[in-house]
Amino acid sequence: MKTALLIKEWTATVERWRCNKKKIGFVPTMGALHEGHVSLIRTARQECDKVVVSIFVNPKQFGPNEDFEAYPRDLKKDSKLLINEKVDLLVVPTVDEMYPPGFGVDISVDESLTQTLCGLSRPDHFNGVATVVTKLLNITKAHRAYFGQKDYQQSIVIKRLASDLNSGTDIVVCPTVREQDGLAKSSRNAYLSESERLAAPTIYQALKLAEGMLQVGERNPQDLIDAVRKCLNNEPLFEVEYIAAKNAETLEDLKILDGNILVAVAVKLGQARLIDNVVIEVGAGS
Ligand code: AMP
């Protein structure tokens with residue numbers, strides 16, 4: 001596996017692959033890799049000739065009181081995992097390399113997508129994500145880029161920016177990988193204490209409850225949200241940030257749950273802020 005720290009090395013490698021008609025798959029990450037990341041890499045490996053993984057903890061997507069400094073970083077361990085997965089190129093740019101002095105662009109995506117759900121408590125987060133992902137896509141010129149459903153709102157924001165800015169990269173969204181007890185794998189699970197870790201699977205149980213309710217005909221969003229809240233409130237360690245049931249494409253609120261429904265939650269648990277979601281297709285008459 002080749003590792004590039006500089007954008008010019010990264011560009012030179014992908015240009016060569018492009019000239020040789022190689023299909024390039026790209027998996028952007030912030031490192032502290034786990035099986036969720038691995039599933040994206042394996043999908044890219046199956047679908048593409050060359051796989052590029054980036055590790056960059058992007059300061060622009062962290063708020064002033066968030067965990068940018070504390071975010072887990074272990075490049076040695078990550079590199080080993082990526083070698084095992086037969087990744088072709090790992091790119092690890094520094095903050096200065098990505099945002100040199102004088103950097104003056106901030107990509108802003110439609111507020112209907114960015115100022116709802118996680119954007120309510122993290123107002124600059126998705127524009128920070130959009131800015132870095134635009135840059136990463138421009139440099140990598142991949143045919144496909146892989147993202148996880150776990151960060152559902154992020155995947156919608158990125159699909160919009162890739163489409164509206166004609167990035168030339170197809171955005172592929174892969175299913176959420178979970179622990180055996182249902183907790184979505186996340187680099188931030190490392191922040192959980194033993195008792196918090198035991199409580200955490202209740203998040204997925206609450207989402208499964210919502211899924212079950214939708215499957216047996218619940219169409220009232222407030223009743224669904226109330227039931228999810230009741231389930232989450234059983235867990236005294238949880239501080240619920242939001243529970244939402246929305247149109248899964250537009251992220252709009254619905255009067256009647258019909259079509260492709262996103263049920264999403266965010267919960268503070270000790271030092272960790274955990275998010276998770278399910279997407280369920282329902283028909284008004286079913
Ligand atoms: P991160 O390193 O947290 O920025 O995540 C990098 C990519 O991995 C994003 O597209 C995430 O949505 C995806 N990802 C993170 N956790 C999971 C998971 N449990 N299952 C699937 N994809 C995930």
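Numbering of ligands and ligand atoms starts at 1, following listing order.
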Do [X] and [Y] sit within salt-bridge range, that is, some charged N less than 4.0 Å from a carboxylate O?
X	Y	result
Glu9	Lys2	no
Glu15	Arg18	no
Asp276	Arg178	yes

Transitive ILVMFWY side-chain link Ile107 to Val133, under 4.5 Å: yes
Aromatic ring pairing His37/His34, orientation class (parallel under 30°, perpendicular over 60°, tilted between): tilted
Parallel, tilted or perpendicular: rings of Tyr71 and Phe62 (30°, 60°): perpendicular
N/O to N/O under 3.5 Å, ligand 1 against protein:
from     : atom 1 : to     : atom 2 : distance (Å)
ligand 1 : 2 (O)  : Met30  : N      : 2.9
ligand 1 : 2 (O)  : His37  : NE2    : 2.8
ligand 1 : 5 (O)  : His37  : NE2    : 3.4
ligand 1 : 10 (O) : Gly148 : N      : 2.9
ligand 1 : 12 (O) : Gly148 : N      : 3.2
ligand 1 : 12 (O) : Gly148 : O      : 3.3
ligand 1 : 12 (O) : Asp151 : OD2    : 2.6
ligand 1 : 16 (N) : Lys185 : O      : 3.4
ligand 1 : 19 (N) : Val177 : O      : 2.9
ligand 1 : 19 (N) : Lys185 : O      : 2.8
ligand 1 : 20 (N) : Val177 : N      : 2.8

